Amino acid sequence: MAQSKVRSYIGFCIKARKITLGSNAIGTLSGGVYLLILDKKAAKNSLRFALKYKRKFSCPLMLCSENFEDVVCKKECKLAAIRDKNLADAIINGGDTNYELYTEGGD
(Lines give C-alpha, C1' and ligand atoms only; values in the text may rest on other atoms or scores of the structure.)
Protein backbone atom coordinates (compact mmCIF):
# COMPACT_ATOMS: atom_id res chain seq x y z
CA MET A 1 0.00 0.00 0.00
CA ALA A 2 1.36 3.42 -0.96
CA GLN A 3 2.06 5.90 1.80
CA SER A 4 0.10 9.16 1.73
CA LYS A 5 1.78 12.46 0.87
CA VAL A 6 0.94 13.90 4.28
CA ARG A 7 2.53 10.95 6.05
CA SER A 8 5.64 11.41 3.90
CA TYR A 9 5.79 15.13 4.76
CA ILE A 10 5.58 14.30 8.46
CA GLY A 11 8.42 11.83 7.90
CA PHE A 12 10.45 14.64 6.31
CA CYS A 13 9.76 16.79 9.40
CA ILE A 14 11.05 14.00 11.63
CA LYS A 15 14.24 13.53 9.57
CA ALA A 16 14.87 17.29 9.45
CA ARG A 17 14.13 17.65 13.18
CA LYS A 18 11.43 20.19 12.42
CA ILE A 19 8.78 18.53 14.56
CA THR A 20 8.16 18.67 18.30
CA LEU A 21 6.25 15.76 19.82
CA GLY A 22 4.09 15.89 22.94
CA SER A 23 2.28 18.67 24.73
CA ASN A 24 4.97 19.17 27.39
CA ALA A 25 7.69 19.67 24.76
CA ILE A 26 5.46 21.97 22.71
CA GLY A 27 4.79 24.04 25.84
CA THR A 28 8.51 24.89 26.07
CA LEU A 29 8.58 26.43 22.58
CA SER A 30 8.43 30.20 22.31
CA GLY A 31 7.51 30.47 18.64
CA GLY A 32 8.18 29.15 15.18
CA VAL A 33 5.25 26.72 15.13
CA TYR A 34 3.35 26.70 11.83
CA LEU A 35 0.99 23.75 12.33
CA LEU A 36 -0.30 21.55 15.16
CA ILE A 37 -1.50 18.01 14.51
CA LEU A 38 -3.68 16.23 17.07
CA ASP A 39 -4.76 12.60 17.16
CA LYS A 40 -8.53 12.59 16.62
CA LYS A 41 -8.88 9.92 19.33
CA ALA A 42 -7.06 12.05 21.94
CA ALA A 43 -8.70 12.87 25.25
CA LYS A 44 -10.51 16.18 25.82
CA ASN A 45 -7.57 17.37 27.93
CA SER A 46 -5.25 16.94 24.92
CA LEU A 47 -7.68 18.93 22.80
CA ARG A 48 -7.65 21.65 25.45
CA PHE A 49 -3.83 21.82 25.28
CA ALA A 50 -3.92 21.83 21.47
CA LEU A 51 -6.36 24.76 21.42
CA LYS A 52 -4.21 26.63 23.95
CA TYR A 53 -1.14 26.18 21.73
CA LYS A 54 -3.17 27.04 18.61
CA ARG A 55 -3.94 30.42 20.17
CA LYS A 56 -0.38 30.87 21.52
CA PHE A 57 1.29 30.27 18.15
CA SER A 58 -1.56 31.58 15.94
CA CYS A 59 -1.35 28.51 13.72
CA PRO A 60 -3.83 26.01 12.29
CA LEU A 61 -4.72 22.75 14.03
CA MET A 62 -5.29 19.53 12.10
CA LEU A 63 -6.94 16.37 13.34
CA CYS A 64 -5.47 13.02 12.32
CA SER A 65 -7.88 10.09 12.05
CA GLU A 66 -5.24 7.43 11.33
CA ASN A 67 -3.04 5.83 14.00
CA PHE A 68 -1.01 8.90 14.99
CA GLU A 69 1.51 6.93 17.07
CA ASP A 70 2.56 5.06 13.93
CA VAL A 71 2.74 8.25 11.86
CA VAL A 72 5.19 9.99 14.24
CA CYS A 73 6.89 6.78 15.39
CA LYS A 74 6.40 7.57 19.07
CA LYS A 75 4.24 5.55 21.45
CA GLU A 76 1.47 7.43 23.29
CA CYS A 77 2.07 10.64 21.28
CA LYS A 78 -1.15 12.55 20.62
CA LEU A 79 0.07 16.04 19.66
CA ALA A 80 2.81 17.33 17.35
CA ALA A 81 4.01 20.78 16.29
CA ILE A 82 5.47 21.34 12.82
CA ARG A 83 8.23 23.98 12.88
CA ASP A 84 8.86 24.35 9.14
CA LYS A 85 6.58 26.67 7.16
CA ASN A 86 6.96 24.94 3.79
CA LEU A 87 6.30 21.47 5.21
CA ALA A 88 3.36 22.78 7.25
CA ASP A 89 1.85 24.27 4.07
CA ALA A 90 2.46 21.01 2.22
CA ILE A 91 0.71 19.03 4.96
CA ILE A 92 -2.27 21.41 4.99
CA ASN A 93 -2.60 21.22 1.20
CA GLY A 94 -1.82 17.49 1.00
CA GLY A 95 -5.40 16.48 0.30
CA ASP A 96 -5.35 13.44 2.58
CA THR A 97 -8.81 12.49 3.87
CA ASN A 98 -7.25 11.24 7.14
CA TYR A 99 -6.30 14.83 8.04
CA GLU A 100 -8.77 17.68 8.45
CA LEU A 101 -8.42 21.24 9.65
CA TYR A 102 -10.01 21.84 13.03
CA THR A 103 -12.66 24.52 13.09
CA GLU A 104 -13.64 25.75 16.51
CA GLY A 105 -17.28 25.36 17.18
CA GLY A 106 -19.11 24.04 20.16
CA ASP A 107 -16.30 23.63 22.66
Side-chain angles (χ1 to χ4, degrees):
M1 184 171 123
Q3 184 169 293
S4 75
K5 284 184 183 180
V6 171
R7 199 168 175 147
S8 295
Y9 293 140
I10 292 172
F12 294 152
C13 291
I14 292 169
K15 285 184 190 260
R17 296 181 184 201
K18 294 294 185 179
I19 190 169
T20 302
L21 303 174
S23 60
N24 290 338
I26 294 170
T28 65
L29 299 174
S30 59
V33 174
Y34 299 99
L35 175 65
L36 294 166
I37 304 174
L38 178 69
D39 188 335
K40 200 170 194 174
K41 296 174 233 122
K44 287 192 187 257
N45 200 32
S46 296
L47 177 60
R48 187 174 59 83
F49 275 116
L51 292 174
K52 174 181 147 186
Y53 297 139
K54 179 183 186 301
R55 287 186 288 277
K56 176 181 178 182
F57 299 119
S58 298
C59 67
L61 171 64
M62 289 192 93
L63 299 178
C64 171
S65 60
E66 61 183 329
N67 191 353
F68 194 64
E69 294 175 3
D70 290 343
V71 173
V72 296
C73 304
K74 184 168 181 172
K75 193 159 178 61
E76 300 298 319
C77 183
K78 302 295 182 199
L79 182 63
I82 306 298
R83 296 180 285 111
D84 182 277
K85 176 130 180 66
N86 293 325
L87 286 169
D89 290 341
I91 291 168
I92 292 168
N93 299 317
D96 190 331
T97 57
N98 290 318
Y99 296 84
E100 61 185 65
L101 279 174
Y102 178 82
T103 52
E104 289 188 64
D107 44 9

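What you are looking at is a predicted structure, and each value in this text was computed from that prediction instead of being measured. Along the sequence shown, the residues carry numbers beginning at 1.
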>> Let me confirm one number: the CG-CG distance from Leu63 to Asn98, rounded to the nearest 0.5 Å.
In response: 12.0 Å
>> Grouping I, L, V, M, F, W and Y whenever their side-chain heavy atoms are under 4.5 Å apart, do Leu79 and Val33 come out in a common cluster?
In response: yes
>> Using 0.5 Å steps for rounding, measure from the NZ atom of Lys41 to the OG atom of Ser46.
In response: 13.0 Å
> Heavy atoms, side chains only, cut-off 4.5 Å: are Leu38 and Phe49 in contact?
Replying inline: no
> Could you give all pairs that pass the side-chain hydrogen bond (donor to acceptor under 3.5 Å, both in side chains) test and reach residues 48-60, with sequence neighbours left out?
Replying inline: Asn45-Arg48
> Which atoms form the tightest heavy-atom contact between Cys77 and Gly22, and what is the distance?
Replying inline: SG-N, 4.0 Å
> Quick one: side-chain hydrogen bond (donor to acceptor under 3.5 Å, both in side chains) pairs with a partner in residues 15-31, sequence neighbours left out?
Replying inline: Thr20-Arg83
> Could you give the distance from CD1 (Ile26) to CZ (Phe57), rounded to the nearest 0.5 Å?
Replying inline: 7.5 Å
>> Does anything in residues 88-102 form a salt bridge (charged side-chain N to carboxylate O under 4.0 Å, His left out)? List the pairs, not counting sequence neighbours.
In response: Lys40-Glu100, Lys85-Asp89
>> Test: salt bridge (charged side-chain N to carboxylate O under 4.0 Å, His left out). Region: residues 25-34. Which pairs qualify, not counting sequence neighbours?
In response: none
> When Ile, Leu, Val, Met, Phe, Trp and Tyr are grouped by side-chain heavy atoms lying under 4.5 Å apart, directly or through other members, which residues fall in the same group as Phe68?
Replying inline: Val6, Tyr9, Ile10, Phe12, Ile14, Ile19, Leu21, Leu35, Ile37, Met62, Val71, Val72, Ile82, Leu87, Ile91, Ile92, Tyr99, Leu101
>> If the condition is side chain to side chain donor-acceptor pair (under 3.5 Å), which residues does Asn93 pass it with, not counting sequence neighbours?
In response: none
> Which atom pair, heavy atoms only, marks the closest approach of Ala50 to Leu36?
Replying inline: O-CD1, 3.6 Å
> Got a donor-acceptor contact below 3.5 angstrom from the Glu69 side chain to the Glu76 backbone?
Replying inline: yes
